[in-house]
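Data block below; observations after.
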Amino acid sequence: MSRKLPMGKQHRTAISPTRTEDYPQWYQQVIKAADLAEVSPVRGCMVIKPWGWSIWENMQQVLDGMFKDTGHVNAYFPLFIPMSFLEKEAEHVDGFAKECAVVTHHRLEPGPDGGLVPAGPLEEPLIVRPTSETIIGSMYARWVQSYRDLPIKINQWANVVRWEMRTRMFLRTAEFLWQEGHTCHATKEEALEETRLMLDVYADFAENTMAMPVIKGEKTVDERFPGAVSTLTIEAMIQDRKALQAGTSHFLGQNFSRAQEIVFQDQQGQQQFAWTTSWGVSTRLVGALIMTHSDDDGLVLPPRLAPKQVVILPIIKEDDTRQSILEYCESLKQDLESRYYADGKIRVMIDDREMRGGEKKWYHVKRGVPLRVEVGPRDIENNQVYVGRRDTGENQSIGRDEFVQGIVETLEQFQQALFDRALKLREDNTKEINSLEEFEEYFSEKDEQQGGFAICYFQEGDQQVLDKIAEYKVTIRCMPLDSNDQEGTCVFTGQSGARQAIFARSY
RNA sequence: CGGGAUGUAGCGCAGCCUGGUUAGCGCGUUUGACUGGGGGUCAAAAGGUCGGAGGUUCAAAUCCUCUCAUCCCGACCA
């Protein structure tokens, strides 16, 4: 890492190692450099710092609006779930029992060595929710008697705990934040429609707000949510060409309503089990966002989620110009803030801290502020501003008024450019594969650059397929919803009548 | 939960194999001067019980045991 090279010919990157040198390490360093989060004293848990939190807040705000626009309301259910609730749905138990935090006592008492020891054992242990199907279902069972009580469409924003063996910042933490929607319907069709609708909401959010292209698909039997009849997913491709499950929407059929007796009387007076769905996205999306757009100089944020879309840096050389420069910056800020982008005021900050120019610039580069506007005496004289774009690194002088008038379009172009770049990466690294040799070559260990998404026909539920892909550390991501419904020959077994799926290494 | 690596100042590291005076370096921080459209320059300074607990030894960052944590690779999952 060279300290300084003359004439701007330097290759020093703000983040080291770079993505190509060591992708996982780069990811950690971006989080640190952008001040998004830190590990906590509790293993596997993270502290989300203000800049990182603000990104999540923006995600929440947009998603929450989308949920409400599709007829959902928010509510809150308890953190603690009676252990017996989990036992009611067999597959659900299998899926989550291994990773539950369990509360067994309700008091602490002084111990023999001066410390504290748990006391007051609970009659029935409580688990900290790993997801809330069971406790919400138990309430729905009380609330539902008639078809007139349906549908129920509730979302909750909450934290959940899954005692993971291996954790990574944002992508997999023991405690994470998410929203979980839980709906209850009179008919199967309506529940299926809901499952699909919410997948579309997620895909819309991922692509239009996060600028992250996703593939909508259905999970295979082996990959689906424990207890679900079917699981729909949006799958993103990260810059290292691995797949990341970014959101899921589950059709739960009558599995949970049977287990929890969510029963209603239909119009014919018959008792029927309700049809339920659940769907969620989590703080993992922040990780997805980081990995999709950021570069070797740190975080890159799409304008729609950036806590600040524009940072104004006053260039103050002499004290007697200070006042006029700051006033100019303030009025620029107000002009920008009077404009609206993506349903909100443009988010602008002035950074007038006593700090050297270059250092201050890099501070904001690493944090991913989309546009950097520098204002010095010369700019004021010419009524212009010097604008730097985070994604391309381009800088240009532009008339102040022109800049203000074009700001919305500039941000939208920025947003679109990130999406286009990410989409190109995915398209360049997606390949239809029709033979086992091709598959083996594509995911060959020899060349790290190999791999990406492979589209193959495959025979669902065949052990041969699972064995082969395990050999290459590849998983079946999903069966794309928009793939042609044609049947083909399974790449792994040679059987006909196979369906198409996306195969990839994944997080 | 298995395999591997690492834990020394805010960050990044050296020192450990071959124990031995006040534990170093770069960046950052503080102060002063000079600078000023760019991750400055010069000078000075502050900052560490070497992850934790035991042990071996006259003597431990260094050797041994245990433990905790982080990271990577697996298995498992948002």
Side-chain angles (χ1 to χ4, degrees), chain A residues 1-5 8 10 12-17 22-29 32-33 35 38-46 94-100 130-131 159-180 202 219 222-226 231 233-236 244-250 278-288 297-298 313-319 321 325 354-366 372-380 384-386 388 395 397 445 470 473 475 505-507:
Chain A
M1 189 163 75
S2 64
R3 186 79 202 93
K4 184 182 152 196
L5 292 167
Q10 63 202 38
R12 181 183 170 195
T13 55
I15 303 298
S16 130
D22 186 342
Y23 196 84
Q25 201 58 38
W26 165 85
Y27 175 70
Q28 301 287 333
Q29 293 303 323
K32 189 179 285 182
D35 209 22
E38 270 180 42
V39 295
S40 78
V42 181
R43 197 196 108 91
C45 295
M46 71 192 290
D94 281 352
F96 289 107
K98 295 184 291 292
E99 51 189 32
C100 282
T131 180
N159 59 338
V160 288
V161 169
R162 297 180 189 174
W163 213 260
E164 296 289 346
M165 288 302 130
R166 185 180 178 190
T167 60
R168 296 150 168 287
M169 289 273 204
F170 289 109
L171 297 177
R172 179 170 291 105
T173 45
E175 178 194 19
F176 58 95
L177 305 177
W178 75 349
Q179 59 65 217
E180 46 181 327
Y202 288 154
K219 287 288 186 188
D222 312 284
E223 301 273 342
R224 77 169 64 119
F225 177 77
T231 289
T233 177
I234 51 172
E235 297 283 327
L244 181 75
Q245 179 176 309
T248 47
S249 183
H250 314 291
S278 67
W279 28 273
V281 294
S282 70
T283 37
R284 166 180 276 192
L285 288 181
V286 178
D297 287 325
L313 306 177
I315 310 293
I316 297 162
K317 296 164 94 165
E318 293 129 26
D319 268 350
T321 59
I325 291 171
E354 294 279 335
M355 190 188 271
R356 275 187 293 274
E359 192 183 347
K360 195 187 276 187
K361 167 194 157 180
W362 283 99
Y363 173 87
H364 296 285
V365 168
K366 288 186 280 194
R372 208 174 55 252
V373 179
E374 302 171 11
V375 177
R378 280 211 302 275
D379 301 306
I380 296 182
Q384 64 181 26
V385 290
Y386 187 71
N395 303 304
S397 280
E445 291 278 351
K473 297 169 191 158
T475 54
R505 301 217 169 95
S506 71
Y507 278 95

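Every chain is numbered from 1, with letters handed out A, B, ... down the list of sequences.
Listed candidates were B:C77, B:C72, B:G39. Nearest to the side chain of A:Asp297 is B:G39. Comparing atom distances between the A:Phe176 side chain and each of B:A78, B:G37, B:C71 picks out B:A78 as nearest. Taking the side chain of A:Arg166 as heavy atoms from C-beta on, and the options B:C72, B:G37, B:C76, the nearest nucleotide is B:C72. Side-chain proximity of A:Met165 to the nucleotides B:C77, B:C1, B:G37 is greatest for B:C1. Checking B:C72, B:G74, B:A78 against every side-chain atom of A:Arg172, the shortest atom distance belongs to B:A78. Of the candidates B:A78, B:G37, B:U70, the closest approach to any side-chain atom of A:Val39 belongs to B:U70. Nearest nucleotide to the side chain of A:Arg162, out of B:C71, B:G37, B:A78: B:A78. The nucleotide whose nearest atom lies closest to any side-chain atom of A:Thr167 is, among B:C71, B:G37, B:C77, B:C71. Proximity note for A:Arg43 (side chain, C-beta onward) versus B:A78, B:G39, B:U70: the nearest is B:U70. Of the candidate nucleotides B:C77, B:G37, B:U70, B:C77 has the atom nearest to the side chain of A:Glu164.
One C1' atom belongs to B:C77, the other to B:C1, and the distance between them is 14 Å to the nearest Å. When the P atom is compared between B:U30 and B:G55, the two are found 43 Å apart, to the nearest whole Å. B:U62 and B:A78 have their P atoms separated by 44 Å, with the value rounded to a whole Å.
Within the 4.0 Å cut-off from OP1 or OP2 of B:C72, at least one side-chain nitrogen or oxygen of A:Arg168 is found.
Both A:Gln28 and A:Glu175 sit near RNA chain B, but only A:Gln28 has its closest nucleotide nearer the 5' end. If A:Val42 and A:Tyr507 are placed on RNA chain B by their nearest nucleotide, the residue sitting closer to the 5' end is A:Val42.
Legend: salt bridge (charged side-chain N to carboxylate O under 4.0 Å, His left out) pairs involving residues 164-178 of chain A, not counting sequence neighbours, sorted by first then second residue: A:Glu164-A:Arg172.
A:Gly376 comes within 4.0 angstrom of a nucleotide base, judged by non-hydrogen atoms across all strands.
Between A:Phe176 and A:Trp178, the two ring planes are perpendicular [angle over 60°; tilted spans 30° to 60°]. Classification of the A:Phe225-A:His250 ring pair by plane angle, with boundaries at 30° and 60°, yields parallel.
No more than 12 heavy atoms of other residues, nucleotides or ligands lie within 6.0 Å of CD in A:Glu38, so this atom counts as exposed by the packing criterion.
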Reading nucleotides 6-13 of chain B from the 5' end, what letters show protein touch, with B for base, S for backbone sugar-phosphate only, - for no heavy atom under 4.0 Å? -----SS-
